Amino acid sequence: MQLAITTAFGARPDEARRHNRTAVLRRLHVFGPATRAALATELGLNRSTIKAVVDGLVEDGVVEESVPRQRSGAGRPSLLVMPRSQAAAVLAVDIRTDRVAIAVVGIGGEMLGRNSWKLHDRTRSPDEVITHVIESTRILLEELKLEMVAAGVSVPGVVRRHDGLVHEAPNLHWTDVPLGQRLSGALGFPVHVGNDAELGALAEHVRGVARGASDAVYVSADIGVGGGVISSGAAMRGTAGYVGEVGHMVINPHGRPCYCGSSGCWETEVGEQAIARALGMSEQSPRGAIVAELRTADAVERLASVTEWLVLGLVNVVNVLGPELVVLGDLFTALPNDVVTHIGEEVRRRSLVSRAAGGTRVVASTFGADVMLIGAAELAFEPVLGLA
């Protein structure tokens with residue numbers, strides 16, 4: 001999905017209706033309500049065209065118009081055009097190593113309902129997870145009295161984009177799982193599957209701190225470390241959708257063995273277990289305990305080695321990809337502010353590309369645990385909005 005307003009300009013007269021309808025819906029979905037006049041200005045369309053498009057969307061029940069809650073000035077207020085969240089809804093699924101969350105998300109990004117459950121060794125198998133997702137989805141949809149147009153699924157693994165095959169999700173112990181096909185066959189609507197970090201990048205680009213950034217990298221830490229890339233305003237997806245395994249960039253040739261078969265991978269130095277070791281905790285410590293320890297007064301000093309490896313990896317990422325922004329997600333959002341500030345300063349100082357570009361910013365995500373759900377919803381909406 002191209003997010004810059006300039007990428008959603010209205011079409012020439014010979015291709016107008018479908019293109020303009022899509023442009024208006026994308027604008028409303030991503031940026032929220034707007035007046036007809038604002039839509040005309042932002043999308044480069046004349047008022048008669050906007051009137052025809054909006055009238056059609058109102059007639060179809062996809063958008064509605066209402067008086068703004070906050071009014072200023074004299075005279076009749078301009079009506080706001082806004083998407084009707086229940087007119088087009090998608091299912092978002094976030095599968096992690098320790099839990100699964102699902103949500104029904106309406107056009108415009110509103111979460112209409114949700115559910116979640118924990119995973120244990122006996123409930124982490126593909127069959128168990130898929131069955132529970134299907135059953136929970138049916139219950140949720142029955143409660144909401146809604147039909148879905150599509151679904152997006154986030155998985156911590158290597159995913160083939162065109163059919164949703166999970167080639168490998170090591171921390172789930174999954175190999176060659178036809179997740180997309182099995183879910184779409186059971187649920188009866190299209191299911192799109194993506195790598196979790198890739199969808200984190202999509203979420204940040206559409207609705208988060210990377211909104212407006214043409215080139216950004218999202219780096220997240222769970223048990224492993226993943227990355228998602230936004231390049232020239234669009235997600236970089238690589239061959240068959242296989243991209244973003246920055247956690248397996250080798251940065252320490254003498255480092256620890258990694259499950260991928262290499263040694264000294266970035267995630268062995270900065271992932272959840274590495275952070276736990278640096279804090280003097282067991283590698284099997286629960287996430288909540290690690291986050292609590294990161295808030296202690298001396299956490300900055302104890303994280304010195306992790307911080308240095310994180311800087312080293314980010315310098316490599318910035319030198320290769322040249323983003324204007326790096327977003328730290330998942331467990332990295334719990335890092336002390338002083339650590340994030342220091343990382344940003346060091347990346348700007350030590351990266352040749354960052355210096356040439358005027359300084360790459362490094363910030364923490366503000367979405368918390370919902371980032372993958374948001375990204376999964378946006379993955380599902382992409383083809384829906386494109387076919388509007």
Side-chain angles (χ1 to χ4, degrees), residues 171 197 200-201 204 209 216-229 244-285 287 289-365:
N171 293 317
E204 294 293 347
V209 294
V217 174
Y218 174 85
V219 180
S220 64
D222 192 2
I223 293 177
V225 171
V229 182
E245 293 298 326
V246 294
H248 298 288
M249 171 176 58
V250 176
I251 61 171
N252 182 5
H254 307 292
R256 293 170 175 260
C258 180
Y259 67 79
C260 73
S262 189
S263 294
C265 290
W266 196 23
E267 69 179 43
T268 67
E269 303 291 351
V270 301
E272 183 177 282
Q273 292 181 349
I275 291 174
R277 290 195 303 271
L279 293 171
M281 306 173 69
S282 165
E283 290 184 352
Q284 282 68 49
S285 298
R287 171 67 65 90
I290 295 174
V291 170
E293 199 68 20
L294 285 171
R295 294 171 178 160
T296 58
D298 63 343
V300 174
E301 290 76 14
R302 287 188 284 165
L303 288 171
S305 62
V306 170
T307 301
E308 178 57 25
W309 287 119
L310 191 49
V311 168
L312 179 59
L314 288 179
V315 168
N316 289 336
V317 168
V318 170
N319 280 340
V320 171
L321 298 172
E324 60 189 275
L325 178 70
V326 172
V327 183
L328 301 178
D330 215 338
L331 183 56
F332 287 150
T333 62
L335 292 173
N337 291 334
D338 288 347
V339 170
V340 176
T341 299
H342 173 75
I343 290 170
E345 292 171 348
E346 286 298 293
V347 169
R348 287 188 289 274
R349 182 179 69 84
R350 291 159 60 174
S351 165
L352 176 66
V353 170
S354 179
R355 295 199 304 271
T360 299
R361 293 185 297 128
V362 178
V363 300
S365 170

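What you are looking at is a predicted structure, and each value in this text was computed from that prediction instead of being measured.
Looking at heavy atoms from C-beta onward, V250 lies out of side-chain contact with S263 at the 4.5 angstrom threshold. Looking at L310 and L335, their side chains come closer than 4.5 Å, going by heavy atoms from C-beta outward. For the pair T360 and V217, the minimum side-chain heavy-atom distance is 4.5 Å or more. Counting only heavy atoms from C-beta outward, the side chains of L279 and L303 approach each other to under 4.5 Å. Residues V219 and L314 meet the side-chain proximity criterion, which asks for heavy atoms closer than 4.5 Å.
Checking side-chain atoms of S285 against main-chain N and O of I290 turns up no donor-acceptor pair under 3.5 Å.
Shown here are the side-chain hydrogen bond (donor to acceptor under 3.5 Å, both in side chains) partners of E308, two or more places apart in sequence or in another chain: R350. A364 meets the side chain to side chain contact (heavy atoms under 4.5 Å, CB included) test with no other residue; sequence neighbours excluded. Annotation: ring pair (Phe, Tyr, Trp, His ring centres under 6.0 Å) contacts of H342 (sequence neighbours excluded): none. For T268, the side chain to side chain contact (heavy atoms under 4.5 Å, CB included) partners at least two apart in sequence or on another chain are R256, C258, C265. Evaluation of the side-chain hydrogen bond (donor to acceptor under 3.5 Å, both in side chains) rule for R302 yields E293, T296, D298 as partners, not counting sequence neighbours. With sequence neighbours excluded, the residues forming a side-chain hydrogen bond (donor to acceptor under 3.5 Å, both in side chains) with E204 are S365, listed by chain and number. Partners of A221 according to the side chain to side chain contact (heavy atoms under 4.5 Å, CB included) rule, which considers only residues two or more places apart in sequence or in another chain, are V225, L331, F332. For I223, the side chain to side chain contact (heavy atoms under 4.5 Å, CB included) partners two or more places apart in sequence, or in a different chain, are T97, N171, E272. Residues that satisfy the salt bridge (charged side-chain N to carboxylate O under 4.0 Å, His left out) test with E245, not counting sequence neighbours, are absent from this structure. Partners of D338 under the side-chain hydrogen bond (donor to acceptor under 3.5 Å, both in side chains) rule, at least two apart in sequence or in another chain, do not exist in this structure.
Contact between P336 and V300 at its shortest, heavy atoms only, is CB-CG2, 3.9 Å. Between T333 and L328, the shortest heavy-atom contact is CG2-O, 3.4 Å. Scanning all heavy atoms of the two residues, the minimum distance from E267 to G224 falls at OE1-CA, 3.4 Å.
Results of the side-chain contact (heavy atoms from CB on, under 4.5 Å) test with W266 over I251, N252, N316 single out I251 as the only residue that passes.
Salt-bridge formation is not detected for the pair R348/E345: no Lys NZ or Arg NE/NH1/NH2 atom is positioned less than 4.0 Å from an Asp or Glu carboxylate oxygen.
The list of salt bridge (charged side-chain N to carboxylate O under 4.0 Å, His left out) pairs with a residue in residues 354-363, not counting sequence neighbours, is empty. For residues 217-229, the salt bridge (charged side-chain N to carboxylate O under 4.0 Å, His left out) pairs, not counting sequence neighbours, are D222-R287.
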